[in-house]
Structures are given as C-alpha cells and as structure tokens.
Student: 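Before we start, here is the structure in question, set down as structure tokens.
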Amino acid sequence: MKKLGVSSSYLSRKLKEETSQTFLEILHKCRLQKAIELLNEGTYKVYEISDMTGFHEYKHFCQVFKKYTGIAPTEFVKHEGLLIQKPVK
C-alpha cells in the first residue's frame, strides 16, 4: 500500500463503491467457485477442498459455503450446476 500511497481502508472503500461488494465477499466467491469445481470433480473430500481453497477451518468453510449457496457442501455433492449468488440473509 505504501507504494500506491493509499491505505488499505481507502482501497476497501473504493472497491465497495465500485463493485457493491466487500473484499471479503469477493474473496469468498472466488474461493467458493473453485471449491464448487473441485466438488464437481468428485476426487477430493470436502475437508480437503476446504483447505485447498484457503479455508483452513472446515467449520468456517461450511458456514461460508452455506451462506452463499443455501446448502451445505456435503449436500451440494448431491446437486449439480449451482451458481454462487448473493448471500442468503
């Protein structure tokens, strides 16, 4: 951030203004999209995918996955073609 001459909070605010999403929301969506690809492959266990996609706590991965998809990752394995949408409130 020093090289850019701006603070991380300023960049976060600008990102939110431009995308209507926080950095964390964007990061979660990217990680979950990769997790969905890996789940569809059927090669890895859910806890392995959690770690592979940057969620180092399995419980947190499951919470975030359900927040964005509406179902648990283990349930997702039984479904196909799910796209990430806005978080369920």
Side-chain angles (χ1 to χ4, degrees):
M1 304 300 164
K2 290 180 182 179
K3 289 182 182 180
L4 297 175
V6 296
S7 69
S8 58
S9 61
Y10 172 78
L11 286 178
S12 293
R13 267 194 321 277
K14 294 307 278 181
L15 183 65
K16 174 83 174 182
E17 287 174 15
E18 294 295 322
T19 66
S20 300
Q21 299 177 67
T22 66
F23 174 77
L24 191 56
E25 289 170 335
I26 294 168
L27 179 62
H28 282 163
K29 287 179 182 181
C30 289
R31 287 178 171 175
L32 291 176
Q33 194 60 49
K34 182 63 178 175
I36 288 169
E37 290 172 20
L38 293 168
L39 286 168
N40 282 329
E41 284 179 18
T43 307
Y44 303 100
K45 297 184 185 301
V46 175
Y47 72 87
E48 293 173 318
I49 292 171
S50 166
D51 194 50
M52 292 167 67
T53 55
F55 292 95
H56 300 294
E57 291 187 24
Y58 176 73
K59 184 178 178 180
H60 179 63
F61 170 71
C62 292
Q63 290 170 336
V64 173
F65 193 97
K66 189 166 186 172
K67 176 182 176 180
Y68 282 88
T69 65
I71 60 173
T74 52
E75 288 296 314
F76 174 82
V77 174
K78 300 174 188 173
H79 298 84
E80 293 182 25
L82 182 68
L83 297 174
I84 297 176
Q85 299 176 7
K86 290 187 177 184
V88 178
K89 294 186 179 182

Student: Quick one: list whatever passes salt bridge (Lys or Arg N to Asp or Glu O under 4.0 Å) with Lys34, sequence neighbours left out.
Tutor: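 Lys34 satisfies salt bridge (Lys or Arg N to Asp or Glu O under 4.0 Å) with Glu37 only.
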Student: Mind checking what makes salt bridge (Lys or Arg N to Asp or Glu O under 4.0 Å) contact with Glu17, not counting sequence neighbours?
Tutor: Lys14
Student: Does a side-chain heavy-atom distance below 4.5 Å link Lys67 with His28?
Tutor: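 No; the side chains remain at least 4.5 Å from each other.
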Student: How many angstroms lie between atom CG of Leu15 and atom OG of Ser8, to the nearest 0.5 angstrom?
Tutor: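 Answer rounded to 0.5 Å: 12.0 Å.
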Student: Table please: side-chain donor-acceptor pairs of residues 52-65 below 3.5 Å, with sequence neighbours left out.
Tutor:
from: Thr53; atom 1: OG1; to: Ile49; atom 2: O; distance (Å): 2.8
from: Thr53; atom 1: OG1; to: Ser50; atom 2: O; distance (Å): 3.3
from: His56; atom 1: ND1; to: Asp51; atom 2: OD1; distance (Å): 2.8

Student: Can you list everything that forms a side-chain hydrogen bond (donor to acceptor under 3.5 Å, both in side chains) with Ser20? Sequence neighbours excluded, please.
Tutor: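 side-chain hydrogen bond (donor to acceptor under 3.5 Å, both in side chains) list for Ser20, sorted by chain: empty.
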Student: Measure across Gln21 and Glu25 and return the closest heavy-atom pair with its distance rounded to 0.1 Å.
Tutor: CA-OE1, 3.1 Å
Student: Measure across Val46 and Pro73 and return the closest heavy-atom pair with its distance rounded to 0.1 Å.
Tutor: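 Taking Val46 first and Pro73 second, the nearest heavy atoms are CG1-CB, 3.7 Å.
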Student: Would you compute the distance between atom NZ of Lys45 and atom OG1 of Thr74 and round it to the nearest 0.5 angstrom?
Tutor: 13.0 Å
Student: May I ask whether Val6 and Phe23 are part of the same hydrophobic cluster, defined by side-chain heavy atoms of I, L, V, M, F, W, Y residues being less than 4.5 angstrom apart, directly or through others?
Tutor: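 In one cluster with Val6: Phe23, no.
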Student: Between Glu75 (side chain only) and Ala72 (backbone N and O only), is there a donor and an acceptor less than 3.5 Å apart?
Tutor: no
Student: Please enumerate all residues that pass side chain to side chain contact (heavy atoms under 4.5 Å, CB included) together with Thr43, with sequence neighbours excluded.
Tutor: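 For Thr43, the residues satisfying side chain to side chain contact (heavy atoms under 4.5 Å, CB included) (neighbours in sequence not counted) are Glu41.
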Student: Look at the side-chain heavy atoms of Ile, Leu, Val, Met, Phe, Trp and Tyr, link any pair under 4.5 Å apart, and say whether Tyr47 and Leu38 land in one connected group.
Tutor: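 Yes, one cluster joins them.
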